[in-house]
Amino acid sequence: MTGGTRERFRIGALTLMLVLVVAYAVGLALKGDGFSPLVDGWLAMLSVWAPVLVGITALRRAARGNIVVALATSALASTALADSYYLVLTDADGNAPFSSLADIGYLLFYVLLLAALGVLVHRQLRGSAWSVFLDSAVGSLGAAAVLAVVLSPVFDSVAANPLSLGSVIAAAYPLLDLLLVAAIAGIVASHGRDGGHRWLLLIAGLVVIAGADTVFALQGDTYRVGTSLDASWNVGMALIALWVDGSARPRPVPDRTGMSRAVSALAVPMVATVAGLGVLVLASQMAVSNFAVALAGATMAVAVVPLVGRQRVLNRLARTDDLTGLRNRRAFNADVPARLADGEGRKGALLLLDLDRFKEVNDSLGHDVGDRLLIQVANRLNRQLRSGDLLARLGGDEFAILLTDAARHDAVTVAVKLRAALAEPFLLAGITLQTSASIGIALYPDQGSDFTALLRKADMAMYKAKVSRGGHHVFDSDDDSHGEIRLRTLEELRLALTEGQLVLHYQPKVDLGTGVVCDVEALVRWNHPTRGLLLPDQFISIVEEAGLMHSLTQVVLNQALDQAAVWQAQGHPLTIAVNLSASSLVDIELPDRIGAMIAARGLAPSTLALEITEEFLLNDRDRARGILTRLREQGIRISVDDFGTGYSSLAYLRDLPIDELKLDQSFVFPMAENERAATLVSSAIALAHSLGLRMVAEGVETGAAYDQLVGYGCDFAQGFHLSEPVSAATLDSWLAERRRTHAALVVEPAEV
C-alpha cells in the first residue's frame, strides 16, 4: 500500500469513526425508553469497532516495534469484543447479567491500556530527575484519594460482601479507574504544558471513561442498557483512538525545561496536596472509606519528600538562562569570584563574546529567528570548551567565558576556535545565515584580580575587536581611552541621525563610450560639529554594532531621492546609486518601502540603483532572489558592488536579476603594470557583456587606466582621475563645466 493510499484509508477510518459515534450518541438521546435494535444494537457495535479500525490503520503506519500503539489497539479491540458479547447476553428489556465473560474483556482493556501508558511514561521519564518521579507520585495519589471518596459507597458494599464474585468484579472497576486517574495525574506532572494535543486527547478519553465507570458503579443493579451513559464509553474510546492515531506519527521529543517545567514542578503537586488535605479534613467531619483516608495520608507523606528537591529546582531555574539553558548573568557573577578565589595564583582569562550585527537579524527576520540563532550559538560554544570552563549568556547576544588554567596564548587559541565554530552557516526557518563574533579578552591576574575589573576590560577589548574587525583582541592599556571614545561617538552618532549631520557626497560614473555622465554614486559622510567631515570607515562599524544601520539607510535613501528630484526639476536627471548593507537587504518590507519613497517624489523607479555586495548574494540565494526580484519588478536597477572579491560560485549571475557589475578597484589598480591583472579585467568585462550586464570599473586613478578600460570595452568608470566624491553643489559645477567642454569638442570640427 502506497503512502497516499494509506493516508486516504486513515482519513476514511477517522471520518467513519466520528460519524458513527455522533450518530450513536444522537440516537440514544432520541430513541426513548426500551431497547432499540438499530441504536443499541447496530450503531452501538459499529461505533465501538470503528476505533479498533483506526487503531489498526495506525498500527500499520507505525514504526516496527511500536509497542505503545500495539497495546492501545489491543485494548480497544478487547472492549469491542466484550461489548459484542455483552450485546448477545442483553434481553429485550436491556437487562444483562452483571458478571459474565464480557467482564474479562472490559478488565483486560484497563490492563492493556495501563501497560501502554506505563511503557510511554517510562520512555518520557527516562533520565529525568528524581523530583519528577516524586511529583508524579504525589499527583497520582492525590487524584486517587479524591476519586476514592466519590466511590466510597461502592467500596462499602464490597466490604460488606467480600467473597462474592460480583463484589470482586465491582471492586475491580473502580480500582482500575483509580489507576487510570493516577496515570493521568502522573502524565500531567511529568509533562507540564509540553505534552501537546495528543496527550490531551488521551487524558480526555480516560476522564470520560473513568466518569462513566463511576456513574455505572454508583448505579449498581439499577443500570440498564440503552441510556445516554452508554455513549460515554464510545466517546472515550474514540478519543483514545485519536491519540493512538497521533502516536503512530513520529514527533520531536518536547523540551521539558524552563517555565513549563517550573509550572508542572509546582502546580500539580500543590493541587494534589490540597486535595489530600481536603480528604483528611472531610474524613474528620463525616464517614469516608478507610481506603480514601489511606490514599490521602500517603499523598501528604510523599509531598513532604520533594520539598528540598523542588527548592533546588527553583534555585537552578533562577540561575539559568531560559532561552539557552546556560548560566545567566546572576549565576556567572556569583560563580566567577568563587572560581578565581579557588584558583588563586593560577592564570586565567575572561572572554566576552558579542555577535556582529545581531540586532539586524532580530529587526529583519523577527525575534523568533534571533532566539533560535542564540540557542544554536550557545550549543556551538559549549562544544568547544572544556568541562571546567564557565560559559554564560549575559543577555541579548552577549556571552561570557571564564577559562581556568589558561595563559594568554591559550585564551587566543580558544577565541580563534570559537569564532571558527560560529563562522559555519546556520540554518534557521529555511534561511541560511552566516554570523561572526567579536571577542574581547582580559587576563587574570595580570589585568585585574577581581571580576568587575576583568569584565570591564574584556568589554573594552571586545569593542576594539569590533572596530578593528580583527575578530578578537586582548586588552591593552591603551584601550581605556578607546572605550570612552566609543561611548561618546555612539551618543553623538545617535544625535547625528536625527539632526541632519549626515550628508551625501556624489561620485560620477562616466560613460566610456560617450564621455557623458548620467549616473552618480551616493556616499555618506558625517559632518561632525567638532571633528569635521568624517568618512564611513570612521563610524560605520559603530553604526552596525549599535544596530543603527536601518536608520542610516533610511536617511541616505531620503537624501539621495530628494537630490534626484532636484536634478530632475533642473532638467538634468541623474540615476543615483545607493549602497545597501547585507543586513538591510534581509528586510522583506524593504522593496515596498523603497517603492513608496520613489513614488512620493514623482520619480521614475529607474532613477534609483541599489549597490549590493556579493556577501548578501552568496549567503542566502533564495532570499536574495525573492527580494531582488521584487525590487527589479518595480524598475529599480540592481548593481553588484566589489565584484570579484567574493569567494564562491558565480552561479548567482545566472540566477539573480542583476543589471550591473562593479569591478573592484583591487583589479583596476595593478592593471597597467601586471599582464595577468589586465587579462582578468578584460575577461570580467567580456563575461558581463555575454550575460547582458553593464560593467563599471572602480578606482580609476590615472589616464592610462582610463584609456585601457576604453580599449577593453568597459561601459563606465569612476575614480579620482575623473572626480572624487563631492557635495551636490560642487558636482553641479563639475557637471556644468564638463557639459561646456563636451559641447565645445562637438562644435569645433564644424568650424574648421
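What you see is a predicted model; the values in this text were computed from it and never measured. All residue numbers refer to positions in the sequence shown, counting from 1.
- Remark: His505 engages no residue in a side chain to side chain donor-acceptor pair (under 3.5 Å) (not counting sequence neighbours).
- Asp519 pairs with exactly one of Lys509, Arg694, Lys662 by the salt bridge (charged side-chain N to carboxylate O under 4.0 Å, His left out) rule, that one being Arg694.
- When side chains are defined from C-beta on, Gln501 counts as touching Pro529, because their heavy atoms get closer than 4.5 Å.
- Shown here for Ile441 and Ala349, the closest heavy-atom pair between the two residues is CG2-CB, 4.4 Å.
- Salt bridge Asp354/Lys466: present, at least one basic N to carboxylate O contact under 4.0 Å.
- The salt bridge (Lys or Arg N to Asp or Glu O under 4.0 Å) search around Asp707 returns none, not counting sequence neighbours.
- A donor-acceptor pair under 3.5 Å links the side-chain atoms of Gln447 to the main chain of Phe475, judged by distance alone.
- Between the side chain of Ser682 and the main chain of Thr679, a donor-acceptor pair closer than 3.5 Å is present.
- Separation of atoms CG (Leu557) and CG (Leu504) is listed at 9.5 Å; rounding is to 0.5 Å.
- Scanning for ring pair (Phe, Tyr, Trp, His ring centres under 6.0 Å) contacts around Phe539 gives Trp526, with sequence neighbours left out.
- The existence of a salt bridge linking Arg630 and Glu589 is excluded, since no basic side-chain nitrogen approaches an acidic carboxylate oxygen closer than 4.0 Å.
- Atom CG of Leu381 sits about 11.5 Å away from atom CG of Asp389, to the nearest 0.5 Å.
- Residues Trp567 and Tyr506 bring their aromatic ring centres within 6.0 Å.
- Taking Phe332 as the reference, Phe451 meet the ring pair (Phe, Tyr, Trp, His ring centres under 6.0 Å) condition, with sequence neighbours excluded.
- Using a 4.5 Å cut-off on side-chain heavy atoms (C-beta onward), Leu385 and Ile401 make contact.
- We find that Arg637 and Asp659 are not joined by a salt bridge, their nearest charged nitrogen and carboxylate oxygen being 4.0 Å or further apart.
- Here the CD atom belonging to Gln570 is positioned 10.0 Å from the CG atom belonging to Leu735, to the nearest 0.5 angstrom.
- Remark: Met460 CE to Leu455 CG distance equals 10.0 Å, nearest 0.5 Å.
- Taking every heavy atom of both residues into account, Arg380 and Glu424 meet most closely at NH1-O, 2.8 Å.
- With sequence neighbours left out, Arg494 forms a side chain to side chain donor-acceptor pair (under 3.5 Å) with no residue at all.
- Not counting sequence neighbours, Arg408 has no partner by the salt bridge (Lys or Arg N to Asp or Glu O under 4.0 Å) test.
- In this structure, Leu493 CG and Gln538 CD are separated by 12.0 Å, a value rounded to the nearest 0.5 Å.
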